[in-house]
Each structure stands twice: as C-alpha cells, then as structure tokens.
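Below is one structure; the comments refer to it alone.
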Amino acid sequence: MRHFKEFLSRRDALKLGLSAGIASWGMSSLAIADDKSLPLIKKKIPSTGEELTCVGIGTNSFTLADAPNIQAVLKRMNELGGTFIDSASAYRESEATIGTAITTLGMRNKFFISSKISGGEKDEKKMGDLGGVKSFDRSLERLKTDHLDLLMVHNMLNTNGLMPKLQEWKRAGKIRYLGISTAENSDHQQLAAYMKKYPLDFVEVNYSIANREAEETVFPVALDKGIAVTINVPFGGKHEENLFLNNTGNRVLPTWASEIDCASWSEFLLKFVISHPAVTLAVPGTTKMQHMESNIKAAHGVLPDAAMRKRMAAAWDA
Ligand SMILES: NC(=O)c1ccc[n+]([C@@H]2O[C@H](COP(=O)([O-])OP(=O)(O)OC[C@H]3O[C@@H](n4cnc5c(N)ncnc54)[C@H](OP(=O)(O)O)[C@@H]3O)[C@@H](O)[C@H]2O)c1
C-alpha cells in the first residue's frame, strides 16, 4: 500500500510539514479498542509545525446534564491520542461542559481547545467589535482557561471587524492560533478570499465524501497559503435530514476497505476526509463513547493514497 505522501508534490509536502514522513508515528503503543498495533496518524499545522492527531471531536451537542459522560468521553479520547476539541460560544452549554470536564480531570494542557467567537450580526457596520469581545471573555470564563489554542470567527460573521481583535489577542498570548469557520458551500468563495487577505493559521470548513466542493475552492488556497484545515460535518451534519451516515445501513462496506484499516462506514468516511492533502483534521460530533472510539480509530493505520481516494469516491457515488 502506498502512502499518500507519494502523490503529494514536494512543495505541498513541505507546506504540510510531511517531509520527514506522512505523520508522526510515535504513539503506536496507544491502546485502541480492537487493534493495539496501528500507528496514530498526525499532521502538522503549517504555520508552526505543531502536530495534531487527524481526528478530534465536535461538541455542538454537549450538555451540562451529560457532564459525567462527556468527562469520560474526553478522558478516553485523550488516552487514544485525540486532543482537538471543537467548540463555539454559540453552542449553548458546550463550552461550560468542556470547562467543567477538563478542570475536574486536571487535563487543560493535554487538550487543544478550539472555540469560535460570535460576531452576532451579519451587518458588519452595526456590529463594531463589542459583541466579539464579550463573546471571547465569556468563552474563557466558561472553558475555565486563560487562553485558547485556537479562536475562529464563527460562520465568517463580522470577519473584517473581528480580525484585528483576534490578531491583538494572538500577540498578547490569549490565543495561540486564529482562523475563520463556515459550514456552507455558499460561503466557500468568500472564505477563500479571506484566506488570501488575512494571515490565518486555520480555517474550518464543511467537507465530506458526499460533498466535495471544498476541493475546488478552499483547499487549493489552504495549500498555497499554508493554512491548516479543520473539517466540520464530516458525516453531513447532526440533523437527521443531512446525516448521510444514516443512509449507509443497507450498503455493504467494500471488502477492500480493510486495505486502509477500515472496519466500518464511519471510519471509511473519516479516512476519506482526512486523507486529502489540504486537510489537517476532522471533528465529527458525538457524545457517545462508542462513536468517539470508532472515530478516533480512523486516525490510526494506513491513510488512503490518491488512487484509493478515487476508488472510495467512486464506490460512494455508485
Ligand atoms: N459553522 C461551523 O463552524 C460549524 C457548523 C457545524 C458544525 N461545526 C462543528 O463540527 C462538528 C461536527 O458537526 P456535526 O456534529 O453537526 O455533524 P457530523 O459530525 O457530520 O455528524 C454528527 C452526527 O453523527 C453521529 N455520529 C458521530 N460519530 C458516529 C459514529 N462513529 N457512528 C455513527 N454515528 C456517528 C452523531 O450521533 P451521536 O451523537 O449519536 O454520536 C451525530 O448525530 C460539530 O459538533 C461542531 O463542533 C461547526
């Protein structure tokens, strides 16, 4: 099986920090549910070279009522090598639940905490930066931390108004990385324009085997500018009408999925997403231990190469 670095250009490989190999394979001794031998797949954040495991967790369904379970899920995720927690000030109780869990666990520094700032208004002129500052202060308070690893402008709202603030907070050490998020194809052209305009570390964007539009718009700019890419809604989104993972019920997983260490559709779909050369990691949303374990399993073993990615897409499309 060829690794995907074999089809990257040398320039792309350098930008992704893959010149020394596809990933850091150093955590291969981590136990995972049913296969202790598969190495962990990591990729580098282009702006610094810091490594991240290619699957994290999305938290827009986290609730305080479920806090003991969430604490157990996050602890286990970390044991399996997952560190990236994707939240937002707009996700109701998500930040407070994460803050409570990591403080109780005493594990703040073992996680990469990403949140999103609420611009509040589509109309940038009405907004000023006030809502943004309040949103950020509230995030720090709820997450019980004095800094975030990553702060993104949520859904690109008031990007021009908020970006100077994010840059100021980065200089002051209140955030380590900055970026912009969206989950709509209709935003991709504008997102690509912001990626050319601002010195972003990250963008977060919707992409999946069933919706590959970002390959044409966002990913080429990310590779060119050296911007890390987090993928949201890798299964289509938590709402039933969008969650295409539900439609895999009567489709048989191809036997050749075992060649890329996939034993389930969720692993197959995540491996497709994280194997794109522009993609740094995916953040599937779940509150369930079993689903989290299966998702982190996709960040282990062989990553599909270009030929395998074509085969996967063709199998899905058929
Ligand atoms: N604009 C933005 O910035 C934006 C927008 C949307 C989402 N996001 C972020 O992206 C994250 C992911 O999006 P999402 O949660 O809406 O959609 P998603 O990750 O595509 O799908 C989540 C759904 O998949 C199910 N699921 C997860 N893992 C599974 C597995 N292994 N097997 C079977 N089902 C599984 C979950 O059910 P269970 O809960 O039952 O596991 C949930 O219903 C969010 O949590 C959020 O952090 C960002």
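Ligands are counted one by one from 1 in listed order, and the atoms in each one are counted from 1 as well.
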**Study point:** Protein residues having a heavy atom less than 4.0 Å from any atom of ligand 1
**Key:**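 If the criterion is a heavy atom under 4.0 Å, then ligand 1 touches Gly58, Thr59, Asn60, Asp86, Tyr91, Lys116, His154, Asn155, Ser181, Thr182, Ala183, Glu204, Asn232, Val233, Pro234, Phe235, Gly236, Gly237, Lys238, Leu243, Leu245, Ser266, Val283, Pro284, Gly285, Thr286, Thr287, Lys288, His291, Ser294, Asn295.
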Mind checking what makes side-chain contact (heavy atoms from CB on, under 4.5 Å) contact with [X], not counting sequence neighbours?
{"X": "Ser61", "result": "Lys238, Thr287"}
{"X": "Thr48", "result": "Ile45, Glu50, Tyr177"}
{"X": "Ala193", "result": "Gln190"}

Check your understanding: Hey, is Lys310 close enough to Asp317 for a salt bridge, meaning N to O under 4.0 Å?
Key ->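 Looking at Lys310 and Asp317, the cut-off is not met.
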Check your understanding: Do the rings of Phe84 and Phe202 sit parallel, tilted or perpendicular, given the 30° and 60° boundaries?
Key -> tilted
Check your understanding: Is there a donor in the side chain of Ser139 and an acceptor in the side chain of Glu95, or the other way round, less than 3.5 Å apart?
Key ->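 Yes - a donor-acceptor pair under 3.5 Å links their side chains.
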